[in-house]
Protein chains: 2
Amino acid sequence: MYEKKIPLRLDCGLHLFKELLNGKWKLMLIYYISAGLKRPGELQRKIGTADRRVLTNQLNELVKHGFVDKKVFDTKIPKVEYGLTTLGQSLLPIILALETWGENNRTVLEKALQEQVQDNP
Amino acid sequence: MYEKKIPLRLDCGLHLFKELLNGKWKLMLIYYISAGLKRPGELQRKIGTADRRVLTNQLNELVKHGFVDKKVFDTKIPKVEYGLTTLGQSLLPIILALETWGENNRTVLEKALQEQVQDNP
DNA sequence: CAGTATAGTGATTAATTTATGCGTACTTGA
DNA sequence: TCAAGTACGCATAAATTAATCACTATACTG
């Protein structure tokens, strides 16, 4: 795995959050797991555009960091189920707040993102 | 500026938030501006480890995207003041929630981050 | 048996973000 | 006049994250 060269900033809660949950799909994965999608395949189909291996990596990190737990069933056909730990569940209010904020401001935010594009024709 | 090659995901509020506010110091800048630090120099001294140019870039993006406004005073000595727009203010509850979450779980989170280090001796 | 589904990995490349080197320009105070 | 403070910016290097290539292995289904 990748070894960081720049020392982490742990001095405030914002950075703790960022260091652990910055991954592109992490919050979405936690959200979908909370919504009942437990199997890797389900999550992959749900998210669609994200590659299987990217999701696997992010899930592994979520497990390693204690947000998600993983049950591997010793069946002939591989079977895996993810679930949220208490720590993972503690993120749900924040995830919902972020999601709500984004949807409430969607019009303005999409316009803001277009600025970027227009700056680079 | 950098031009993205992978199309943005705008399908959910989480990604809208992420695309616009993923920058390493953005939320912290918004927080400090809300706390009354308006001048670039003040913000730079407050954050310390972050380079001047990095903060300037992030502030410029926050302005461009409508979270922060910038007043340039036409005085002999350059003077600039930042302030939050309504959109920027709408983030404050979320920022406080993130900060609180991080501090409430600091012990566990720091241990989780050490996992990373121990995996790479 | 061929096709599809389950789940996964190691190595590599591409994309993106952050940091830095080297400048500008003006003013105040010692 | 020189140091320090105000503020900004382009171009490039470095660091980090995401995406992809090329694979393994087993088991259903038809």
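Proteins get letters first, then strands, A, B, ... in listed order; numbering begins at 1 in each. Below, each value reflects all heavy atoms present in this structure, side chains not excepted, and no hydrogens, waters or symmetry copies.
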Can you tell me which residue pairs pass the side chain to side chain donor-acceptor pair (under 3.5 Å) test with a partner in [range], sequence neighbours excluded?
range: residues 70-88 of chain B; value: none
range: residues 36-47 of chain A; value: none
range: residues 8-17 of chain B; value: A/T49-B/R9, B/R9-B/D11

Exercise for review: Sequence neighbours left out, what passes side-chain hydrogen bond (donor to acceptor under 3.5 Å, both in side chains) with B/D69? Give chain and number order.
Suggested key: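 Partners of B/D69 under the side-chain hydrogen bond (donor to acceptor under 3.5 Å, both in side chains) test: none.
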Check your understanding: Sequence neighbours excluded, which residues qualify as side-chain hydrogen bond (donor to acceptor under 3.5 Å, both in side chains) partners of A/R52?
Key -> none
Review point. CG/B/L113 to CD/A/E19 distance, rounded to the nearest 0.5 angstrom?
Key: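 One gets 6.5 Å once the value is rounded to the nearest 0.5 Å.
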Review point. Roughly how far, to the nearest 0.5 Å, is the CD1 atom of B/I33 from the CG atom of B/L43?
Key: 5.5 Å
**Study point:** Sub-4.0 Å heavy-atom contacts from residues 42-55 of chain B onto DNA chain D, ordered by number
**Key:**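 Going residue by residue through residues 42-55 of chain B, the ones with a heavy atom under 4.0 Å of DNA chain D turn out to be B/R45, B/R52, B/R53.
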Practice item. Could you tell me which residues satisfy side-chain contact (heavy atoms from CB on, under 4.5 Å) with B/N57, sequence neighbours excluded, listed by chain and number? Key: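 Partners of B/N57 by the side-chain contact (heavy atoms from CB on, under 4.5 Å) criterion come out as none, since no residue qualifies.
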Exercise for review: Kindly work out whether a path of hydrophobic side-chain contacts (I/L/V/M/F/W/Y, heavy atoms less than 4.5 Å apart) joins A/L8 to A/I6.
Suggested key: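 No, A/L8 does not connect to A/I6 through the hydrophobic network.
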Point to revise | Hydrophobic cluster identity match, A/L62 and A/V72, side-chain contacts under 4.5 Å | key: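 Cluster IDs for A/L62 and A/V72 match.
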Please give, in whole Å, the distance from [N] [atom2] to [X] [atom1]?
X: B/R9; N: C/dT16; atom1: CZ; atom2: P; result: 15 Å
X: A/L37; N: C/dT6; atom1: CG; atom2: P; result: 14 Å
X: B/N60; N: C/dT18; atom1: CG; atom2: P; result: 14 Å
X: B/L20; N: C/dT17; atom1: CG; atom2: C1'; result: 15 Å
X: A/K71; N: C/dA7; atom1: NZ; atom2: C1'; result: 17 Å

Exercise for review: Please collect all salt bridge (Lys or Arg N to Asp or Glu O under 4.0 Å) contacts where either partner lies in residues 23-37 of chain B, sequence neighbours excluded, each pair once.
Suggested key: B/K26-B/E61
Practice item. Answer with base, sugar-phosphate or nothing: what part of the nucleic acid does B/K70 contact at a heavy-atom distance below 4.0 Å? Key: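 Counting heavy atoms under 4.0 Å across all strands, the contact made by B/K70 is with sugar-phosphate only.
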Review point. Are the side chain of A/K18 and the backbone N or O of B/N22 linked by a donor-acceptor pair below 3.5 Å?
Key: yes
For residues 89-100 of chain A, dump all side-chain donor-acceptor pairs below 3.5 Å to protein atoms at least two apart in sequence or in another chain.
from: A/S90; atom 1: OG; to: A/L87; atom 2: O; distance (Å): 2.5
from: A/S90; atom 1: OG; to: B/W101; atom 2: NE1; distance (Å): 2.9
from: A/E99; atom 1: OE1; to: B/G13; atom 2: N; distance (Å): 2.9
from: A/E99; atom 1: OE1; to: B/L14; atom 2: N; distance (Å): 3.1
from: A/T100; atom 1: OG1; to: A/L96; atom 2: O; distance (Å): 2.7

Exercise for review: Select from B/I6 and A/N57 the residue whose nearest nucleotide in DNA chain C is closer to the 5' end of that strand.
Suggested key: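 Final value for this comparison: A/N57.
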Review point. Does OP1 or OP2 of C/dA19 have a side-chain N or O of B/W25 closer than 4.0 Å?
Key: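 Looking at the OP1 and OP2 atoms of C/dA19, one of them is under 4.0 Å from a side-chain N or O of B/W25.
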Practice item. Give the angle between the helix axes at the two ends of the helix from C/dC1-D/dG30 to C/dA30-D/dT1, taking five base pairs at each end and rounding to 10°. Key: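 Helix axis angle between the two ends: 0°.
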Point to revise | 5' to 3' contact window, DNA chain D with chain B (heavy-atom distance under 4.0 Å) | key: D/dT6 to D/dA19
Review point. Can you give one letter per nucleotide of nucleotides 25-30 of chain C, going 5' to 3': B for a protein heavy atom under 4.0 Å from the base, S for sugar-phosphate only, - for none?
Key: --SS--
Point to revise | Pair B/F67-B/L21, side-chain contact (heavy atoms from CB on, under 4.5 Å): steps then yes or no | key: CA-CA 10 Å; B/F67 297 102; B/L21 294 158; 4.0 Å; yes
Check your understanding: Which nucleotide sits closest to the side chain of B/K24: C/dT18, C/dT6, C/dG8?
Key ->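 Between C/dT18, C/dT6, C/dG8, the one nearest the side chain of B/K24 would be C/dT18.
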